[in-house]
Structure formats: C-alpha cells, structure tokens
Q: 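Just dropping this structure here.
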2 protein chains.
Amino acid sequence: MNTRAPQQRRLKTRAKLIEVAQEIVAVQGYSGLRVEDVVDQAGVAKGTLFSHFKDKDGLLAVLIGAEVMTQLDQMEAQGQPNNINEVIDRLSPLLSFIATDRVIFELLLRYSGSTGAEIDEVVTAGLVRQVTLFAGWLAQLQHTGEVRNDSPAELLSEGIQAFLYHVLALWFCIEHTNDDSPATSLQPFLHSWLAPKT
Amino acid sequence: MNTRAPQQRRLKTRAKLIEVAQEIVAVQGYSGLRVEDVVDQAGVAKGTLFSHFKDKDGLLAVLIGAEVMTQLDQMEAQGQPNNINEVIDRLSPLLSFIATDRVIFELLLRYSGSTGAEIDEVVTAGLVRQVTLFAGWLAQLQHTGEVRNDSPAELLSEGIQAFLYHVLALWFCIEHTNDDSPATSLQPFLHSWLAPKT
DNA sequence: GAGATAAATTGACCGCGGTCAATTTTAAAA
DNA sequence: TTTTAAAATTGACCGCGGTCAATTTATCTC
C-alpha cells in the first residue's frame, strides 16, 4: 500500500523524451513537434509520454520553460536598466523568441496566470521570476524618477506583461517585413504606461 | 471560365449550418460544439461545412462575432460614460461574456489583430468597431479632463484591449468563487492607465 | 529464492478536425 | 431541348493528440 520512490528507469526515460524533443524542435521548430515522432525516436510507447507529462503542453512547458529561464539569465546578466528604453532593450530578445512561433505564445499565455501554485512546472517558475525581476527594475527606476511613483511596481510589472502579450498577439496576425521587431511596437505603450507626461 | 453568383441553395445551407450551430452552442456551450454534430443535425456532409467556412474557427467567428456585435449595441445604447468607472461598467458585460468560455477568448485573441483587412469576417468588424468606440469615449473624457491628454485616444483604447485580455488570461488560470468578476481585476489597471496621478 | 505488490511501460483504440477526388446539381449557352 | 461548365455537395480517408486495460519490470518481505 506504500508509495515508492521513482526508479532510475523512469528518470532516464523522462530525460530521453526531453532530449529527443529538443532535438526535433531544433530542426522542425515548436510547431513541428509531433508526439509520435518523439516516442518513436525515444524508443518508447505513446502512453509512456503521457505518463510522464499531462499532455503535449506539459512537455512543451518544460522545453519552453528552460528557454525562458536562459533568456532571464541573460536579462539579469545585463544588470539594472537606467531608463525605459533600456528596459525595452532587455525585453527585446525574449520578445523575439516568443515571436518565433505561435505555439510558444499560446503556451506562455496559458500558463501566465499560474501564480505561485504548482511551481513544479519550470515555465511557471519562469513567469513568476520574470514578473519579480521586472518589478525590481521598476522599483529602482521609481527611485531615480525615471518611472512614475503613483502605482506600485508590481502593478506596473504586470502591466508590462499585458502590453507584451498584446503586441505579440498583433504580431501573429500580420505579415512581417524582416526589418521590424515586436519590441518596436511595444515602445509607445511602455512609455505611456511607465512615464506618463501629465 | 466565368465565375457565377452563389446560388440560393448555398445560402440556405450556410444559414442552416449557422442556425444549427447556434442551437448546439445554446445547449452545450462553445466548448461543446462538434463539427460532426453540426453537419449531422444540418443534414449535410462534413466537407460541406468546410466549403462554407475555412475551418471550425471560421464558423465560431461568425457566431461569436454576432454576439460581440450585440454586446456593442448595448454598450453604445448606454451612451457616453462620464468617468473611468463608468467605462468599466460599460465593459463589464462583454468581459463576462468572454469569461464564459476559453474558446471565445482564444478566438477573439486570434482575430484581435486583423486590422481593417478582410472585414468580411463579422468578428473582425466587431473588434475594429470596439476599438473605435472606446477611442471615441476616451477622446470625450480627455476633453472633460477625466482621462490623461498626453497620449492619443487610439493608443489608450488599444491599451484597454491589452489589459482586458490580460485580465481574462489570468481569469482562466484560476478557480473562481461565483461572486467575483473579471471586471474587478481590470479596475486598478485602467485607473493607472487612463488617469495617472503624477 | 519465491511470492507479493507497486511502478513503469505498452499499444490498440478513440475522438475530432480537416482534406480532396469523385459525384450530383444548377443554370447559362447553343 | 440538349450541351456544357461551373457550383455545390459528398463521404471515405488522414493526421494527430490522448486514453486505459493489460502486461512487463523492479523492489520489498518472508
């Protein structure tokens, strides 16, 4: 009747599934990922994948969560931004990554409200970390007067998220010339949001 | 080699499909809509549906578009709001409608960036109308000083959309007690966005 | 080592959206 | 009326995500 610890076999299988999935994504992109391909190349049955991950999104969440974490590392490495334009600069790579593939966007959107609970999901932890990081930046910029003081940094940070997803949603609706980036469209919103001129 | 006008037969079929779909939605909700059920009850083959609508979303867009239009009618009927809280009041029913079903949210999000082009889609027209309506309200409120003047009404209107979808995205991630509404969470964002106290 | 029991894996099967070559229906042209 | 070509419809078929009863494998107990 007792529950036992997971066996090494299970851990290996999980690792293999993720590894194979990453290889496929590297070639086909996230939209090109097929569950059947993953299990075939991993040498396991379909059911196995779904015993390791709730659904296909569960697997994707691991892959994308890892990528988001990397992006956040690079963001943090750049240090505290000194003004709003530098905030946008920090954001830009993450935006471009998400803009790569609608699948990423939809997954992040689905997980975007998982506040705190079930942080076992990497992607959730990533999103929480992101909001916290932004809030820290903003609090600092509030002190230097670059950012408005009348609203708490947490609210402003959440607002950035809102604009971020808004811009991305538009991004996926239109055709793109290669020389424009989603970060550009973000600019007017963030300036108005963080530094109103009233 | 000529192209001919559509026949009455086609119009009837299309109408029947929409009618049946609406009946099913009334009972099962949007998430409960199955293409197979629609074609069965409409007495046509599956392929027929896809010759009338690009995909299932195409059909949904018609149904949801119609509903959005109704909501906008009621919004307009209430007349110009006098302050931000009244703006939120006007928004509230639409929010609640979208909050009803994730399918609605995702569809509107997908079409949210269809600016102008292909207005043949009802839902696109609805979304354009919405932004225009908001912009009109805001321009008026800018004159009375209820809303900030440093940003164009169009930008502010788009920003409302962003917050609206943000709040809804969070809404679908958490459990709800029946006594809270998505409009409540919208409040702090809209006040900060439209009337900064700096 | 021989059961006993939980963990891990399997793969046939299902639901559902979407496709397309073939067929039927309509209406304009001869 | 017959011919002809476009319009409309058909339904067998496919792709792909997800399920679950059955089977195999590992680990614990005596």
Side-chain angles (χ1 to χ4, degrees), chain A residues 1-21 24-25 27-64 101-104 106-107 110-111 121, chain B residues 1-21 24-25 27-64 101-104 106-107 110-111 120:
Chain A
M1 220 24 146
N2 260 340
T3 60
R4 294 174 184 168
Q7 311 171 190
Q8 292 74 359
R9 182 169 52 139
R10 185 166 180 80
L11 299 178
K12 272 201 146 184
T13 305
R14 183 187 156 98
K16 181 73 179 172
L17 284 169
I18 294 175
E19 178 198 330
V20 166
I24 295 178
V25 166
V27 179
Q28 320 262 15
Y30 286 94
S31 327
L33 190 70
R34 299 283 165 268
V35 168
E36 205 185 329
D37 293 343
V38 177
V39 295
D40 283 356
Q41 293 185 33
V44 298
K46 214 180 204 178
T48 300
L49 190 147
F50 291 102
S51 99
H52 283 264
F53 307 97
K54 183 180 172 297
D55 49 23
K56 193 188 173 187
D57 268 13
L59 172 58
L60 280 172
V62 173
L63 305 185
I64 293 173
D101 199 319
R102 170 142 223 152
V103 170
I104 308 176
E106 281 169 355
L107 185 124
R110 176 157 301 135
Y111 281 80
E121 289 282 4
Chain B
M1 222 21 148
N2 260 339
T3 61
R4 295 174 184 168
Q7 312 171 192
Q8 293 74 359
R9 181 170 51 139
R10 185 166 179 80
L11 299 178
K12 272 202 146 182
T13 304
R14 183 187 156 99
K16 180 72 180 173
L17 285 170
I18 294 176
E19 179 198 332
V20 166
I24 295 177
V25 166
V27 179
Q28 320 260 16
Y30 286 94
S31 326
L33 191 70
R34 299 281 164 271
V35 168
E36 205 185 329
D37 294 343
V38 176
V39 295
D40 284 356
Q41 293 184 33
V44 299
K46 214 179 204 177
T48 300
L49 190 146
F50 292 101
S51 100
H52 283 265
F53 307 97
K54 184 180 172 297
D55 49 22
K56 193 188 173 188
D57 268 12
L59 172 57
L60 279 171
V62 173
L63 305 185
I64 293 173
D101 200 319
R102 170 140 224 155
V103 171
I104 307 175
E106 281 168 355
L107 185 124
R110 175 157 301 136
Y111 282 79
D120 47 287

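Note on naming: letters A, B, ... go to the chains in the order of the sequence lines (proteins, then strands), and numbering restarts at 1 for each one. A quick note: this is a predicted structure, and the numbers were derived from the prediction, not measured.
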Q: If you look at every heavy atom in B:V39 and B:A45, which pair is closest and at what distance?
A: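 For B:V39 and B:A45, the tightest heavy-atom pair comes out as CG1-O, 3.7 Å.
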
Q: For A:E36 and B:L49, take the nucleotide of DNA chain D holding the closest heavy atom to each; which residue's nucleotide lies nearer the 5' end?
A: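 Result: B:L49.
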
Q: What is the distance, rounded to the nearest whole Å, between atom CG of A:L33 and atom P of D:dG18?
A: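 Whole-Å distance recorded here is 11 Å.
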
Q: Can you tell me if A:Q8 touches the phosphate of C:dA7, counting only side-chain N or O atoms and a distance under 4.0 Å to OP1 or OP2?
A: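 Checking C:dA7 against A:Q8, no side-chain N or O comes under 4.0 Å of OP1 or OP2.
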
Q: Find out whether B:R34 and B:K56 are in side-chain contact, i.e. whether some heavy atom of one side chain is under 4.5 Å from a heavy atom of the other.
A: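 A side-chain contact exists here, since the closest heavy-atom pair is under 4.5 Å.
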
Q: Is the distance from OP1 or OP2 of D:dT9 to the nearest side-chain N or O of B:R10 less than 4.0 Å?
A: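 Yes, within the criterion.
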
Q: Of all the choices, D:dT10, C:dT10, C:dG18, which nucleotide is nearest to the side chain of B:A45 once you look at every atom?
A: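 Of the candidates, D:dT10 comes closest.
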
Q: Tell me the interatomic distance from A:F53, atom CZ, to C:dA8, atom P, rounded to whole angstroms.
A: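 Value for this atom pair: 14 Å.
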
Q: Measure from the side chain of B:V44, starting at C-beta and using heavy atoms only, and say which of D:dT9, D:dG17, D:dT10 lies closest.
A: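 Closest nucleotide to the B:V44 side chain: D:dT10.
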
Q: Would one find a side-chain N or O of B:K56 under 4.0 angstrom from OP1 or OP2 of C:dG17?
A: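 For C:dG17, OP1 or OP2 has a side-chain N or O of B:K56 closer than 4.0 Å.
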
Q: Would you indicate, yes or no, if D:dT10 has its OP1 or OP2 atom less than 4.0 angstrom from a side-chain nitrogen or oxygen of B:T48?
A: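 For D:dT10, OP1 or OP2 has a side-chain N or O of B:T48 closer than 4.0 Å.
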
Q: Return the value, rounded to whole Å, for the distance between atom CG of B:D55 and atom P of C:dG18.
A: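 Rounded to whole Å, this separation is 5 Å.
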
Q: Considering only side-chain heavy atoms of B:F50, which listed nucleotide, D:dT9, D:dT10, C:dG17, is closest?
A: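 Given the options D:dT9, D:dT10, C:dG17, the side chain of B:F50 is closest to C:dG17.
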
Q: For C:dA8, does OP1 or OP2 lie under 4.0 Å from any side-chain N or O of A:H52?
A: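 No, no such contact exists.
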
Q: Considering only NZ, NE, NH1 and NH2 on the basic side and carboxylate oxygens on the acidic side, decide whether A:E106 and A:R110 come within less than 4.0 Å.
A: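 The answer is no: the pair does not qualify as a salt bridge.
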
Q: Are OP1 or OP2 of D:dA7 and a side-chain N or O of B:R9 less than 4.0 angstrom apart?
A: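 So the side-chain polar atoms of B:R9 never come under 4.0 Å of the phosphate oxygens OP1 or OP2 of D:dA7.
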
Q: Without decimals, in angstroms, what is the distance between B:K46 NZ and C:dA21 P?
A: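 After rounding, the gap between these two atoms is 18 Å.
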
